[in-house]
Amino acid sequence: TELENYDWFFVFDDGGFPIIENLRPLVQHLSPDDAVMMSDRDRPAAFGSLLSRGAVRVLQGLLDKDRHCPRPTKQQPLAQLQAYSTLWSCLAR
């Protein structure tokens, strides 16, 4: 699958200005196959979230199978701040 082509996924607000070189030292000692998610939990929209490939796998398995992890659709898209909260609540389980 396409997921196997990437180690890390960075989700951030369109007002953010990430400097990827600053993220590399954070993850260089971590395995992308472990379920890892980093974010500023108090202000998730200001920073965004960094997810490992393993975390995305876990999230894929939880979508629609857990009532706390709804899959967004065109008819019911998640608002951005709600999307960050949903990521945290799903992966914190």
Side-chain angles (χ1 to χ4, degrees):
T1 67
E2 195 66 27
L3 180 61
E4 300 307 317
N5 293 329
Y6 302 96
D7 293 335
W8 297 94
F9 298 85
F10 189 42
V11 181
F12 64 97
D13 183 76
D14 62 358
F17 186 76
I19 300 173
I20 300 304
E21 291 79 19
N22 291 344
L23 296 175
R24 287 190 179 119
L26 290 174
V27 300
Q28 67 186 6
H29 66 284
L30 301 171
S31 170
D33 290 314
D34 291 339
V36 176
M37 182 174 174
M38 296 182 198
S39 183
D40 180 348
R41 291 185 76 168
D42 295 328
R43 299 177 305 131
F47 170 76
S49 298
L50 181 65
L51 291 90
S52 66
R53 177 176 47 231
V56 174
R57 276 193 200 111
V58 169
L59 186 61
Q60 283 178 324
L62 290 172
L63 289 174
D64 289 338
K65 294 178 183 161
D66 185 306
R67 66 182 177 88
H68 298 287
C69 303
R71 181 182 299 270
T73 65
K74 264 189 184 176
Q75 293 77 22
Q76 294 182 317
L78 292 175
Q80 186 171 15
L81 196 53
Q82 182 186 1
Y84 288 122
S85 296
T86 299
L87 282 175
W88 275 109
S89 65
C90 289
L91 292 173
R93 304 185 139 307

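Residues: numbered from 1 along the sequence shown.
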Hey, does Leu3 have a side-chain heavy atom less than 4.5 Å from the side chain of Gln60? yes

Just wondering, do Leu30 and Met38 contact through their side chains at under 4.5 Å, heavy atoms? yes

Could you tell me which residues satisfy side-chain hydrogen bond (donor to acceptor under 3.5 Å, both in side chains) with Asp33, sequence neighbours excluded, listed by chain and number? Arg53, Arg57

Do you know the tightest heavy-atom contact between [X] and [Y]?
| X | Y | result |
| --- | --- | --- |
| Pro32 | Ser52 | O-CB, 3.4 Å |
| Ala55 | Val36 | CB-O, 3.4 Å |
| Phe10 | Pro18 | CE2-CB, 3.0 Å |

Which pairs of donor and acceptor atoms, one on a side chain in residues 20-27, lie under 3.5 Å apart (sequence neighbours left out)?
none

